[in-house]
Amino acid sequence: SPECKPELRHPCLDLQGVGSSLLFLPSAVPPTVRLTYHAHLQGHPDLPRWLHYTQRSPYNPGFLYGTPTPEDRGHQVIEVTAYNRDSFDTTRQRLLLLIGDPEGPRLPYQAEFLVRSHDVEEVLPSTPANRFLTALGGLWEPGELQLLNITSALDRGGRVPLPIEGRKEGVYIKVGSATPFSTCLKMVASPDSYARCAQGQPPLLSCYDTLAPHFRVDWCNVSLVDKSVPEPLDEVPTPGDGILEHDPFFCPPTEATGRDFLTDALVTLLVPVLVALLLTLLLVYIMCCRREGRLKRDMATSDIQMFHHCSIHGNTEELRQMAASREVPRPLSTLPMFNVRTGERLPPRVDSAQMPLILDQH
């Protein structure tokens, strides 16, 4: 129906180079309608590298969040398509992101916390984010705290939690301030505290945890970055004239003499060929020229053994010839169906007397 057609908010947003999030909320749509979104950079199949999208289910809102870098300055057009899973209506809208230089005071002191009690979409709205900054003010010296970046723990290599109630994916929250770190935060990020965490012990926390119980922070994954002291610039090498200085220990030759590589090539090719030919001739001599032969075999055999073998062979041949040329009828006892008691027999259908004894020699 037309009243259930989704529409998108925030058609244009001005980003100043800090952590920002866009909330996609359908207007005039009942909460029971299922809506899903697909966002991509105009002319590209995916989002920019600094921008992420998340939506827990079709009944929850979708979020675009991320922190642009100085290389992303300018304007970027994001196309968002909303799908109504009940009525199959589709709406497309373009979001124009104007990315400029960061405004406000410089924030050289930055701290990043891993909150294990929340998912990324639970911290992106302004109310939970402001609550986190207010609770963090009790651990930091008084000063203006600003939210710099919010990243899901899954984007940092975290594991998907088990489907158990109360298990969350976790979220990294990065906060910046112009005020130096407090003693409590410095103690948490000290090497001694990291050593205790490596041994499975709780880290050193000298102050009261004002973030508990609303935010369960993993104090073993707190990182502090101090950008108040500028990093020394890398020395740019000065190009020279390309001429090496005089070195008495290095005397390169001034001229290169000509060299004939024909001999080397012949040695490289002919030596393996000659070796292979010699091996072939040796193998032929062993296999063909050193055979003992039948005469030597017969001479090495005793006379009685040869006579015995010849007699058996001759008798076998004689029996085969006799069986092939036999014409007399066979005895009655050898004929089939012969009755020994009465002497009667049935007339055979086939004269088996003409059949040889050894069928293979027929």
Side-chain angles (χ1 to χ4, degrees), residues 16-21 23 52 54 56 63 65-67 102 104-162 164-229:
Q16 302 299 331
V18 297
S20 303
S21 63
L23 175 62
H52 304 276
T54 182
R56 184 61 58 176
F63 292 91
Y65 65 96
T67 302
R106 182 169 172 267
L107 307 176
Y109 302 96
Q110 301 176 6
E112 191 174 48
F113 304 89
L114 175 58
V115 181
R116 297 191 177 276
S117 58
H118 290 70
D119 292 331
V120 62
E121 68 272 7
E122 297 176 351
V123 186
L124 287 174
S126 58
T127 302
N130 294 333
R131 185 184 303 172
F132 181 83
L133 294 178
T134 303
L136 184 60
L139 301 177
W140 211 322
E141 295 182 3
E144 184 180 359
L145 301 179
Q146 293 186 12
L147 196 63
L148 298 181
N149 190 18
I150 297 177
T151 307
S152 174
L154 300 182
D155 298 336
R156 298 286 189 86
R159 296 182 177 181
V160 179
L162 296 175
I164 303 177
E165 185 178 359
R167 296 291 183 91
K168 301 291 184 177
E169 298 174 357
V171 58
Y172 283 91
I173 302 178
K174 192 174 185 179
V175 180
S177 176
T179 307
F181 301 116
S182 62
T183 306
C184 179
L185 292 179
K186 292 180 180 179
M187 184 175 296
V188 170
S190 62
D192 296 338
S193 181
Y194 289 150
R196 291 174 58 90
C197 291
Q199 298 177 359
Q201 301 178 3
L204 300 175
L205 189 63
S206 60
C207 54
Y208 177 72
D209 187 4
T210 58
L211 296 171
H214 302 287
F215 299 94
R216 184 166 55 87
V217 178
D218 187 359
W219 293 107
C220 291
N221 286 278
V222 176
S223 59
L224 306 179
V225 178
D226 187 1
K227 296 184 178 181
S228 58
V229 180

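Heads up: numbering here begins at 1 and tracks the sequence. Remember, it's a predicted structure, so these values are computed and weren't measured experimentally.
- Between the side chains of Asp226 and Ser228, at least one donor N or O sits under 3.5 Å from an acceptor N or O.
- Counting only residues at least two apart or on different chains, the salt bridge (Lys or Arg N to Asp or Glu O under 4.0 Å) pairs with a member in residues 115-126 are Arg56-Asp119, Arg56-Glu121, Arg116-Asp218, Glu122-Lys168.
- Taking each heavy atom of Met187 and Ser193 in turn, the nearest pair found is O-CB, 3.4 Å.
- For Val123, the side chain to side chain contact (heavy atoms under 4.5 Å, CB included) partners at least two apart in sequence or on another chain are His118, Ile150, Val171, Ile173.
- At least one donor-acceptor pair under 3.5 Å links the side chain of Thr67 to the backbone N or O of Leu148.
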Which donor-acceptor pairs under 3.5 Å do side chains of residues 128-136 form with protein atoms, sequence neighbours excluded?
{"residue": "Asn130", "atom": "ND2", "partner": "Ser126", "partner atom": "O", "Å": "3.0"}
{"residue": "Thr134", "atom": "OG1", "partner": "Asn130", "partner atom": "O", "Å": "2.8"}

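- When the side chain to side chain contact (heavy atoms under 4.5 Å, CB included) test is applied to Thr151, the partners found at least two apart in sequence or on another chain are Asn149, Asp155, Arg156, Tyr172.
- The two atoms that bring Ala153 and Glu169 nearest to each other are CB-O, 3.3 Å, heavy atoms only.
- Under the side chain to side chain contact (heavy atoms under 4.5 Å, CB included) criterion, Pro180 pairs with Tyr109, not counting sequence neighbours.
- The two residues Glu144 and Ser177 come nearest to each other via the heavy atoms O-OG, 3.3 Å.
- In this structure the side chain of Cys184 never reaches within 4.5 angstrom of the side chain of Tyr208, judged on heavy atoms.
- Considering every non-hydrogen atom in both Trp140 and Thr179, the closest pair reads NE1-O, 3.3 Å.
- Counting only distance, with no hydrogens or angles, the side chain of Ser182 and the backbone of Leu139 share a donor-acceptor pair below 3.5 Å.
- When every heavy atom of Tyr194 is checked against every heavy atom of Cys220, the shortest pair comes out as CE2-O, 4.1 Å.
- Side-chain contact check for Val188 versus Leu204: every heavy-atom pair is 4.5 Å or farther apart.
- Partners of Lys227 according to the salt bridge (charged side-chain N to carboxylate O under 4.0 Å, His left out) rule, which considers only residues two or more places apart in sequence or in another chain, do not exist here.
- Taking NZ from Lys186 and CG from Leu224, the interatomic distance works out to 9.5 Å, rounded to the nearest 0.5 Å.
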